[in-house]
Peer 1: 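What follows is a single structure, and I will ask about it in a moment.
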Amino acid sequence: MLEKYNFSEIEAKWQKHWEETKAFKVVEDPDKEKYYVLEMFPYPSGKLHMGHVRNYSIGDVIARFKKMKGYNVLHPMGYDAFGLPAENAAIKNNVEPAEWTWSNIEEMNRQLREMGLSYDWDREVATAHPSYYKWMQWIFIQFFKKGLAYKKENPVNWCPSCQTVLANEQVVDGCCERCGTLVGKKNLSQWYFKITDYAERLLDNLDTLDGWPNKVKIMQRNWIGKSHGAEVEFKIKDRDETLTVFTTRVDTIFGTTFMVLAPEYPTVLDMVEGTEYEAPVKEYIDRCAHMNEIERTSTTNEKTGVFIGQYAVNPFTGKSMPIYISDYVLMGYGTGAVMGVPAHDQRDFEFAKKFDLEIIPVIEPEDPEIDLNDLKEAFAAEGKVINSGEFNGLDNVDAIQKVAEAAEERGIGKKTINYRLRDWLISRQRYWGTPIPMIHCDACGWVPEKEENLPVMLPTDVEFTGKGESPLATSKTFIDTVCPVCGKPAKRELDTMDTFLDSSWYFLRYCDARNDEAVFDKDKVDYWMNVDQYIGGVEHAIMHLMYARFFQMALYDLGLVKDEEPFKNLLTQGMVIKDGAKMSKSLGNVVSPAEIIEKYGADTARLFILFAAPPERELDWSDKGVEGSYRFINRVYRAVYEYKEKFAEGAADFYEIKTEADKSMAYWMNYAIKKVTDDVGERFNFNTAISTIMEMVNEMYRYKEGDVNEALYGAAIKNLIIMLAPFVPHVTEEMWDHLGYEGSVHEQSWPSYDESALVKDTVEIVVQINGKIKEKINIPGDLSREEMEKIAMEDEKVKGLTEGKNVVKVIAVPNKLLNIVVK
RNA sequence: GCGGCUAUGGCGGAAUUGGCAGACGCGCUAGAUUUAGGUUCUAGUGUCAACCGACGUGGGGGUUCAAGUCCCUCUAGCCGCACCA
């Protein structure tokens, strides 16, 4: 150990040592309790950013702490390696996506190793590797066999100039990211997963996830969007056809004055065929179909629509009502048909105003200010039912039940539940993704590739023109194959999978990452799962976390895993910001981890990022703050160096308390152990854990200026190094080594504290009079309320302040406070 | 529009159960060391008053012996969803 803290030498030395000794390799051990800590794996962009550093620093502290607490800790890392950027690089710079990706992974591997993270690198996975996507394809086939995968036609974003399909993120303000042309729509037959079959379970299980932030659970609940309502049938006049609507407000059915269908409603064209309405209806449907994002969002307030020349009959009033089509009705939700109740629904109200339709109020507001005959907006609140025949006078909330029941009795409706959640569109017209292992045979239809033929390899003879529907179509070797069922010539699916599939089960593969016989060994997964602590950005609150939960549930139903939910506890870390804004190139406020590590070392970077804010909050980057963390490490380093030079060694475990200073030192040491154990182990408040260690160091600096009890001071030094080890792993290993202790500091048991050292002989209590602090007195610890009161009342100052006054009440909080209420 | 979160010194933040507001760090001020500066060490640092003390956690109100913490209300900012019938 050099006299001066040379972080670059120390960090390189220990990183090499850990690597060579495979210090963080783990295997299943039934005798030890396991702990699985997982950070969301990165997309290999090639460069680590501060968000990564924060994410992995948090995970690493937890992993190292749990290991010191005696757990068998699984702490893996890998790469979410498929995706669009690799393909863009191929088109722009003529690099193979594979080459681009593998070299980025290599670079990120190097940067991650520079941070000194305690990963078991033998479990590294990369989703773009055939050894991973082989099993991705296998899972897809199991889902397909279970009926969870199906094909359906769906519009995709289509750039007419580039002649290519665009992902949503390639559409910027409704225009093509590359050429700026307005993006249109094109229908393609695509693969879906039936995630809606799991809507109820995905929703119900949220209640069991106690270790998840409420915010995330609420976001998922909203996304699933369960709503109770009723379906009611409306006959179409003079036609042998009915319209079924979904409504949550069946109590307002007497106020229905028109009907609205989604433009895509399947029978609309039949209904207008050969009539004068055919042309305008077709024109409107066409306009909606070609509508891009700009047009859609700009029409938020202004309702549009077309009358289709037909009338529906209200089953309760017998009234006939005009049928319209309008884009404010969505085909994907409910039935695609809506009953228009302008008096009590704002959208219907706007539509009625625009087309001059009748407005019939059927709920009476309590507020006398509202004039039902001249509504300025829809009245959507609760009230008494009016103008509704036999239902008049009911509270509308009760009427919801009663009307639904009446409809049920008449055989024209039923209570139903609707979800906002849609099936998961998993097809991507992209090259750099897992090939969907399906084959289309003219005789047998869509059949999966034989499992023994997996993986269906991504072809390499693909041209990256950036044109066409699916890049795989440009391969001469890929498309033609034989039907796995009948053996006749057949064609492969040309789409690849959404990369969210790859990341929906990687946590399972980590449990048995090198298995080439099976997706994973069930015993191994049973041992390691569930993930005890998952850590990542809140931006994944909905999609990734919902998809992963869906996968786990589907795999549970297939008997492959033992639990329905994969992540027991979830920590969503806040963003790293600087100067009040998210770090971004355009703002020029990006601080790269590389430059910080270069200047101060990884230990300083880790310490600062953990100290500056609690993990779930935003973190304001401060260059000055980084210097402060660097200073603190130096302060510790100097103390340890000086200790070795100046004081006797060893005998650190037993010490005698001789002086007041000793007692205070022992108190601080034990208090710090207690507090840090709690902050790191129970609360994940790393910032306060670090500040407690700083206080302990301040106390040590004070202490070493007086008469030093070397055994006690040695114990403090030793515990200090151990407690700092999860935060700053390199420098602590160096100091540990320097002091001549055996083995690695990271192999040590987490220290326990001595309760008796925390008992103070005297405590300072606050004396309040009428809630105002008037005096602080020192009294022996653990006195009863009566004794406390007695001592306080004898205090000169308190006497003076209470003299001649009537003491109404005395509230005593032992060892803390006394409040004397006087009049 | 709906749902959610947040608001504490010059700054990041602490106060875990209603019980000393501002721990710890940054910054700033002074002193010591060194002396070219920096480093390091020590002390001070919410505001007003500068003697007692008074005020103070976005604003207003309330509950309580006691409120940053609980309740009501308003304001500002951030995030998510958004024509979901």
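For clarity, every value in this text was computed on a predicted model and none was experimentally measured. Within every chain, numbering begins at 1; the chains are lettered A, B, ... in the order of the sequence lines, protein sequences first and strands thereafter.
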Peer 1: Mind checking if A:Asn687 touches a base, just sugar-phosphate, or nothing, with heavy atoms under 4.0 Å?
Peer 2: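 Sugar-phosphate contact only.
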
Peer 1: Paired with B:rC20: which nucleotide, if any, by Watson-Crick or G-U wobble criteria at under 3.5 Å for both distances?
Peer 2: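 Partner of B:rC20: none.
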
Peer 1: Taking only the C1' atom of each, what is the distance from B:rA85 to B:rU69 in whole angstrom?
Peer 2: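 Roughly 42 Å separates the two C1' atoms.
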
Peer 1: When the C1' atoms of B:rU29 and B:rU63 are compared, how many Å lie between them, rounded to an integer?
Peer 2: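 Straight-line distance between the two C1' atoms is 44 Å.
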
Peer 1: Just checking, is any N or O donor in the side chain of A:Asp623 or A:Trp621 under 3.5 Å from an acceptor N or O on the other one?
Peer 2: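 Yes, because at least one side-chain N or O of A:Asp623 sits under 3.5 Å from a partner of the opposite role on A:Trp621.
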
Peer 1: Considering heavy-atom distances to RNA chain B, does A:Lys774 or A:Met694 have its closest nucleotide positioned more toward the 5' end?
Peer 2: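 Going by which nucleotide is closer to the 5' end, it is A:Met694.
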
Peer 1: If you check every side-chain atom of A:Arg617, which of B:rG19, B:rC20, B:rA14 has the closest atom?
Peer 2: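 Nearest to the side-chain atoms of A:Arg617, counting from C-beta on, is B:rA14.
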
Peer 1: Any idea which of B:rA23, B:rU16, B:rG3 is nearest the A:Asp678 side chain?
Peer 2: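 Per side-chain heavy atoms of A:Asp678, the pick is B:rU16.
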
Peer 1: Does any part of the side chain of A:Asn698, heavy atoms only, come nearer than 4.5 Å to the side chain of A:Trp668, both counted from C-beta?
Peer 2: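 SC-SC contact between A:Trp668 and A:Asn698 ruled out.
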
Peer 1: Describe the nucleic acid contact of A:Ile218 in one word from base, sugar-phosphate, nothing, applying a heavy-atom distance below 4.0 Å.
Peer 2: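 Touches sugar-phosphate only.
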
Peer 1: So if I apply the side-chain contact (heavy atoms from CB on, under 4.5 Å) rule between A:Ile820 and each of A:Lys805, A:Gln768, A:Met793, which one comes out positive?
Peer 2: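 Of the listed options, the one satisfying the test is A:Met793.
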
Peer 1: Using Watson-Crick or G-U wobble geometry with both distances below 3.5 Å, tell me the partner of B:rG77, or none.
Peer 2: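 When the pairing criteria are applied, B:rC5 turns out to be the nucleotide that pairs with B:rG77.
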
Peer 1: Taking atom C1' in both B:rU33 and B:rU42, compute the distance separating them and give it to the nearest angstrom.
Peer 2: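 Straight-line distance between the two C1' atoms is 11 Å.
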
Peer 1: Suppose you measure atom P in B:rC70 against the same atom in B:rA23; what distance do you get, rounded to whole Å?
Peer 2: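 After rounding to an integer number of Å, I get 22 Å for this pair.
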
Peer 1: Side-chain N or O of A:Lys354 versus OP1/OP2 of B:rC83: is the shortest distance under 4.0 Å?
Peer 2: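 No, because none of the side-chain N or O atoms of A:Lys354 sits under 4.0 Å from OP1 or OP2 of B:rC83.
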
Peer 1: Would you classify A:Ile773 as touching base, sugar-phosphate or nothing, given that sugar-phosphate means primed atoms plus P, OP1 and OP2, and contacts are heavy atoms under 4.0 Å?
Peer 2: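 Contact class for A:Ile773: sugar-phosphate only.
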
Peer 1: Paired with B:rA54 by Watson-Crick or G-U wobble geometry, both distances under 3.5 Å: which nucleotide is it?
Peer 2: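 Looking at the geometry, B:rA54 pairs with B:rU47.
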
Peer 1: Have a look at A:Gln768 and say if it touches a base, only the backbone sugar-phosphate, or nothing, with a 4.0 Å heavy-atom cut-off.
Peer 2: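 Answer is base: heavy atoms of A:Gln768 come under 4.0 Å of a base.
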
Peer 1: Considering every strand and a 4.0 Å limit on heavy-atom distances, what is the contact class for A:Arg422: base, sugar-phosphate, or nothing?
Peer 2: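 Base, at least one base heavy atom under 4.0 Å.
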
Peer 1: Using a 90° cut-off around 0 for syn, call B:rG25 syn or anti.
Peer 2: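 Anti.
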
Peer 1: Provide the Watson-Crick or G-U wobble partner of B:rC70, both distances under 3.5 Å; none if there is no partner.
Peer 2: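 Looking at the geometry, B:rC70 pairs with B:rG62.
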
Peer 1: Could you give the CG-to-P distance, from A:Leu619 to B:rG13, as a whole number of Å?
Peer 2: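 Atom CG in A:Leu619 sits about 8 Å away from atom P in B:rG13.
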
Peer 1: Which one, B:rA85, B:rC81, B:rA54, comes nearest to the side chain of A:Trp223?
Peer 2: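 So the nucleotide nearest the side chain must be B:rC81.
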
Peer 1: With a non-hydrogen cut-off below 4.0 angstrom, is A:Val329 in contact with a base, only sugar-phosphate, or nothing?
Peer 2: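 Base, at least one base heavy atom under 4.0 Å.
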
Peer 1: Both distances under 3.5 Å, Watson-Crick or G-U wobble: report the partner of B:rC41, or none.
Peer 2: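 Across all strands, the one nucleotide that pairs with B:rC41 is B:rG31.
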
Peer 1: Scan A:Val821 against the nucleic acid and name what it touches under 4.0 Å (heavy atoms): base, sugar-phosphate only, or nothing.
Peer 2: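 The answer is sugar-phosphate, as A:Val821 gets under 4.0 Å only of primed atoms, P, OP1 or OP2.
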
Peer 1: Please pick, from B:rG13, B:rA85, B:rA15, the nucleotide with the shortest atom-to-atom distance to any side-chain atom of A:Thr247.
Peer 2: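 When the side chain of A:Thr247 is considered, B:rA85 is the closest of B:rG13, B:rA85, B:rA15.
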
Peer 1: Is A:Lys797 salt-bridged to A:Asp795, cutoff N-O under 4.0 Å?
Peer 2: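 The answer is no: the pair does not qualify as a salt bridge.
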
Peer 1: Taking only Lys NZ, Arg NE, NH1 and NH2, and the carboxylate oxygens of Asp or Glu, determine whether A:Lys415 and A:Glu231 approach each other closer than 4.0 Å.
Peer 2: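 Between A:Glu231 and A:Lys415 there is no salt bridge, as every charged N stays at least 4.0 Å from the carboxylate O atoms.
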
Peer 1: If you only use heavy atoms from C-beta on, which nucleotide in B:rA14, B:rC55, B:rC83 is closest to the side chain of A:Lys303?
Peer 2: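 Shortest atom-to-atom distance from the side chain points to B:rC83.
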
Peer 1: Of all the choices, B:rC41, B:rC20, B:rA15, which nucleotide is nearest to the side chain of A:Lys776 once you look at every atom?
Peer 2: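 Nearest listed nucleotide: B:rC20.
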
Peer 1: Does any nucleotide pair with B:rA15 by Watson-Crick or G-U wobble geometry, both distances under 3.5 Å, and what is it?
Peer 2: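 With both distances under 3.5 Å required, B:rA15 matches none.
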
Peer 1: I'd like to know if A:Glu642 and A:Lys704 make a salt bridge, using a cut-off of under 4.0 Å between side-chain N and carboxylate O.
Peer 2: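 Here A:Glu642 pairs with A:Lys704 in a salt bridge, since their nearest N and O are under 4.0 Å apart.
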
Peer 1: For A:Phe727, does the six-membered ring have the charged nitrogen or CZ of A:Arg606 within the cation-pi criterion, i.e. under 6.0 angstrom from the centroid and within 45° of the normal?
Peer 2: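 Negative - A:Arg606 is either too far from the ring of A:Phe727 or too far off its axis.
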
Peer 1: Out of B:rG80, B:rA82, B:rA85, which has the shortest distance to the side chain of A:Arg420?
Peer 2: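 Of all the options, the side chain of A:Arg420 is nearest to B:rA82.
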
Peer 1: Taking the P atom in each of B:rU47 and B:rU57, what is the distance between them to the nearest angstrom?
Peer 2: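 Those two atoms are separated by 15 Å.
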
Peer 1: Taking the same atom, C1', in B:rU8 and in B:rA14, what whole-Å distance lies between them?
Peer 2: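 Those two atoms are separated by 10 Å.
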
Peer 1: Under a 4.5 Å cut-off applied to non-hydrogen side-chain atoms, are A:Val232 and A:Phe234 in contact?
Peer 2: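 The answer is yes; the side chains approach within 4.5 Å.
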
Peer 1: When rounded to the nearest Å, what value does the distance between P atoms of B:rC72 and B:rC78 take?
Peer 2: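 One P to the other, the span is 25 Å.
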
Peer 1: Measure from the side-chain heavy atoms of A:Asp679 and tell me the nearest of B:rC83, B:rA21, B:rU16.
Peer 2: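 Minimum distance to the A:Asp679 side chain belongs to B:rU16.
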
Peer 1: What distance, rounded to whole Å, do you find between the two C1' atoms, one in B:rA30 and one in B:rC74?
Peer 2: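 One C1' to the other, the span is 45 Å.
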
Peer 1: Return the nearest nucleotide to the side chain of A:Phe246; candidates are B:rG27, B:rA85, B:rG19.
Peer 2: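 Closest of the options to the side chain of A:Phe246: B:rA85.
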
Peer 1: Closest-nucleotide mapping onto RNA chain B: is A:Gly332 or A:Met575 further toward the 5' terminus? I mean the 5' end.
Peer 2: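 It is A:Met575 whose nearest nucleotide is closer to the 5' end.
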
Peer 1: Report yes or no: is there a donor-acceptor pair, N or O only, under 3.5 Å between the side chain of A:Lys675 and the base of B:rU16?
Peer 2: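 Side chain to base: pair found, below 3.5 Å.
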
Peer 1: To the side chain of A:Tyr701, which of B:rC20, B:rC41, B:rG12 is closest?
Peer 2: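 For the A:Tyr701 side chain, the nearest candidate turns out to be B:rC41.
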
